[in-house]
Number of protein chains: 2
Amino acid sequence: MRATEDLPAGGGGPAEGARRADDGTPAGEALPAGAGVPTGEGAPGAGQDTVAEVVRQWRAVYPGLDTGPMEIIGRINRCAALLQQAEDAPLGRAGLTRPEFDLLGALRRTGRELTPGELARETFSSGAAVTKRLKQLGARGLVERRGDPRDRRVARVRLTGAGQEAVDGVMPAQLAHESAVLSGLGGAARGELAPLLAELLGRLEGRPGTPRT
Amino acid sequence: MRATEDLPAGGGGPAEGARRADDGTPAGEALPAGAGVPTGEGAPGAGQDTVAEVVRQWRAVYPGLDTGPMEIIGRINRCAALLQQAEDAPLGRAGLTRPEFDLLGALRRTGRELTPGELARETFSSGAAVTKRLKQLGARGLVERRGDPRDRRVARVRLTGAGQEAVDGVMPAQLAHESAVLSGLGGAARGELAPLLAELLGRLEGRPGTPRT
DNA sequence: ACCAGGTCTTTTACTCGTAAAAGATGCTCG
DNA sequence: CGAGCATCTTTTACGAGTAAAAGACCTGGT
């Protein structure tokens, strides 16, 4: 997760490697956030996820440890990974990657010009990454840049007409696609997940949250 | 996304790019999964997450669209991104990245020798990535490989004593760290999240789920 | 005015992961 | 038996992201 997103996918902002892109996570560290248990496995039934089996294996190895956190964190990580693969079909059709869409989306939702630095913060990515993406999106005619007259260090980036059309053309399909991915989830579950995740995310964001370079 | 994990983090398996993050998410596509709203924002209070603000912006732009999916998917992506940054402190201290830990963890939890292909499936990463990690972990003396006598195409990988010590030394700290990250989340919320995420993950994994190369 | 220090963006060097091709075996079937 | 195809792993080529340094530009104090 990377941590990239801009919202049709539900929310936040820019990409990440969730990223992760992974980041996914860059050269961070590597705790056990949920290795799957892709191998055969006995249980046939529904409702079995790979994380459950991995947790079972770990408990057998370390009977004394509390594996509770794995069941939440591992699942979030795994869900994010699968969602990012499944989620991006409409974007791919439009010839956009998620980080690119996140950037365009930030401009569209805020409705104003943004500087590269602001875009980096909105999309939770590094300034260097934004520079590269702007170069590509500019070459494709989706964004324009002009210098700020007041402060010549600063650039101001805005969507072109084609850029806005691209976002407006993809967004409905993206939201519909995400809706489809979540279908099959009981209505009750859907209603409960959002607030619970909001609480968790609020806590996580409370801490400074490792600002980007 | 990346999307790498092996469990202490809660779950699933290997990385992803998340990323991989990914992003994160590798070169997938880019729906709006939750661009943050890092900018000022008016609301001061607690319980405000960045995704909420992004959703608000999108709704203002597209009043007719159902932004519900964003509130779940965007938050999952953003949580995964933040968790992967916050989560890996103990691993870093041990000199391991998460993908490396995922690999070692797969060997530890299964308790047997695995082939590179099996490791790739367990850790949800590509075979090429496993090859590279095995080279590094082998050079550090954490894993050993020997040829399978029956089938010389196949390699068999196992933890060395040092490798097992590394996992056993880090795992408790990692779980404790993850527990700390989740503290602050009400006990009720903690109890509800795991089964809800399990249901979602089960659905997501039901589909083939883009097998790795 | 000048200069030390800070801000904003881009560039550079590097790492990591992937996809696709290449190698090396094993297996089946005529 | 051996040709052709499948399987397992590694290699190659490349794209993307990051951190850190470099550039360019403001600003406040003296």
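Just so it is clear, the model here is predicted, and its values are computed rather than measured. Each chain gets a letter, A, B and so on, in the order its sequence line appears, and its residues count up from 1.
At whole-Å resolution of the value, CZ in Arg133(B) and P in dT9(D) are 15 Å apart. Distance Leu119(B) CG to dT10(D) C1': 15 Å, rounded to the nearest Å. The interatomic distance linking Arg145(B) (CZ) with dT9(D) (C1') rounds to 8 Å, in whole Å. Summarising the geometry, the separation between CD on Glu100(A) and P on dG17(D) is reported as 8 Å, rounded to the nearest angstrom. If you take CZ of Arg156(B) and P of dC8(D), they are 12 Å apart, rounded to a whole angstrom. dT18(D) atom C1' lies 16 Å from atom CD of Gln84(B), rounded to whole Å. At whole-Å resolution of the value, CG in Leu134(B) and P in dT11(D) are 12 Å apart.
In terms of phosphate contacts, Thr97(A) brings no side-chain nitrogen or oxygen within less than 4.0 Å of OP1 or OP2 of dA16(D). Phosphate contact (OP1/OP2 of dT10(D), side-chain N/O of Lys135(B), threshold under 4.0 Å): absent. Within the structure, every side-chain polar atom (N or O) of Ser126(A) is placed at least 4.0 Å from both OP1 and OP2 of dG17(D).
Relative to the axis of its first five pairs, the axis of the last five pairs of the helix from dA1(C)-dT30(D) to dG30(C)-dC1(D) sits at 0°, rounded to 10 degrees.
Panel note: side chain Glu199(A), backbone Leu196(A); no donor-acceptor pair is recorded below 3.5 Å. Judged purely by atom type and a 3.5 angstrom limit, Thr160(A) uses its side chain to pair as donor or acceptor with the backbone of Leu142(A).
Leu175(B) and Pro69(A) make their closest contact through O-CG, 4.1 Å (heavy atoms, listed as atom of the first residue, atom of the second, distance).
Between the side chain of Lys132(B) and the base of dT11(D), no donor-acceptor pair of N or O atoms lies under 3.5 Å.
In the set dT9(D), dC8(C), dT18(C), dT18(C) carries the atom at the smallest distance from any side-chain atom of Ser125(B).
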Inset, instruction - For each nucleotide in nucleotides 23-28 of chain C, reading 5' to 3', give B when a protein heavy atom comes within less than 4.0 Å of its base, S when such contact involves only the sugar-phosphate, and - otherwise. - result: -BBS--
